[in-house]
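Beneath this line is the structure, given in structure tokens, with notes to follow.
Chain letters run A, B, ... following the sequence lines, proteins first and then strands; every chain starts at 1. Treat the numbers as computed from the prediction; the structure is a model and nothing was measured.
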Amino acid sequence: MNHWLFKSEPETFGIDDLAARADRTEPWDGVRNYQVRNMLRDDIRPGDRIFFYHSNCKVPGVVGLAEVASPPRPDPTAFDPEAKYFDPKSDPDRPRWYLVDVRYIRHLKRTITLAELKQYADGPLEDLPLVRKGNRLSIMPLTETQWNFILALE
DNA sequence: GCCAACGTTGGC
DNA sequence: GCCAACGTTGGC
């Protein structure tokens, strides 16, 4: 089982939105970055654990736990001309973009803020892209050690 | 294949 | 709202 951090803007789709969904599950659509696509397609598997992270908001940080609830499959929003993330270069015979379903597990008791995580940028979290300057990955892997370290801060 | 222009991300 | 960092696009 692998560990991941998924970013989402709470004003668009936050942890409360996920918890309110039917089956507490939502397709993680709209990824349009090749590095992230490769992770979705090749490395992210059902049962993997997810830190749900709120970005682009007042207090960015890890706010909850979720899990991967499906194998990867083509992102249907890429085929839909009406969709915000429509990509004419992706077609069902040769899909360019992928997604997985994400299922809510629980809220953290408190937000573990980015500011707090950055305190460990020269220590236990030095290899975590999240705390490095200029990182723009919306999904990133964590080692089990990084995962356990962050969760222990709760 | 280079690289300038442009668009997006996301912290602050 | 600003802007640094980065990815993508497209002319050459």
Side-chain angles (χ1 to χ4, degrees), chain A residues 2-21 26-44 48-68 72-102 104-143 145-147 149-154:
Chain A
N2 289 317
H3 301 83
W4 308 93
L5 182 145
F6 281 37
K7 295 182 187 173
S8 189
E9 301 188 11
E11 292 201 7
T12 305
F13 188 83
I15 184 80
D16 293 337
D17 297 303
L18 182 62
R21 282 294 194 264
E26 179 78 357
W28 204 263
D29 59 21
V31 167
R32 297 293 181 267
N33 169 285
Y34 288 105
Q35 199 175 344
V36 176
R37 186 279 308 273
N38 292 346
M39 288 188 266
L40 279 169
R41 189 189 58 192
D42 304 334
D43 300 326
I44 298 180
D48 285 359
R49 296 292 151 148
I50 298 168
F51 278 144
F52 198 108
Y53 177 91
H54 280 173
S55 67
N56 204 14
C57 57
K58 194 164 182 179
V59 184
V62 179
V63 295
L65 304 182
E67 65 183 337
V68 179
R73 64 177 183 278
D75 181 346
T77 68
F79 309 138
D80 177 4
E82 304 299 314
K84 181 179 177 188
Y85 296 108
F86 172 60
D87 182 350
K89 290 179 232 166
S90 184
D91 74 77
D93 291 332
R94 290 205 62 173
R96 177 172 295 196
W97 304 112
Y98 287 78
L99 59 71
V100 294
D101 289 337
V102 170
Y104 173 86
I105 295 179
R106 68 174 176 88
H107 281 63
L108 295 188
K109 300 185 195 88
R110 65 180 189 87
T111 300
I112 300 173
T113 67
L114 177 63
E116 186 176 353
L117 295 175
K118 281 186 168 175
Q119 295 173 10
Y120 306 100
D122 294 325
L125 302 182
E126 66 175 343
D127 294 322
L128 185 65
L130 185 74
V131 299
R132 290 212 299 264
K133 194 171 181 179
N135 142 72
R136 291 173 55 180
L137 291 175
S138 64
I139 292 177
M140 69 187 70
L142 291 89
T143 66
T145 302
Q146 290 165 341
W147 173 277
F149 179 82
I150 293 170
L151 202 52
L153 298 173
E154 182 180 10

side-chain hydrogen bond (donor to acceptor under 3.5 Å, both in side chains) pairs touching residues 7-19 of chain A, sequence neighbours excluded, are A:Glu9-A:Asn56, A:Asp16-A:His107
For residues 116-128 of chain A, which residue pairs pass the side-chain hydrogen bond (donor to acceptor under 3.5 Å, both in side chains) check, not counting sequence neighbours? A:Arg110-A:Glu116
With sequence neighbours left out, what residues match A:Arg32 under salt bridge (charged side-chain N to carboxylate O under 4.0 Å, His left out)? A:Asp75
At a heavy-atom distance below 4.0 Å, which nucleotide of DNA chain B is the first touched by chain A, and which is the last?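 The contact span of chain A on DNA chain B goes from B:dG7 to B:dC12.
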Using the salt bridge (Lys or Arg N to Asp or Glu O under 4.0 Å) rule, collect all pairs that involve residues 52-64 of chain A, keeping only residues at least two apart or in two chains. none
Mind checking side chain to side chain contact (heavy atoms under 4.5 Å, CB included) for A:Phe86 and listing every partner two or more places apart, or none if nothing turns up? A:Pro81, A:Pro88
DNA chain C: A:Arg32 or A:Lys133, which has the more 5' nearest nucleotide?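 In this pair, the answer is A:Lys133.
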Most 5' of A:Asn135 and A:Asn56 on DNA chain C, judged by nearest nucleotide: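 Of the two residues, A:Asn56 wins.
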Within the structure shown, what part of the strands sits under 4.0 Å from A:Lys118 by heavy-atom distance: base, sugar-phosphate, or nothing?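 It contacts sugar-phosphate atoms only.
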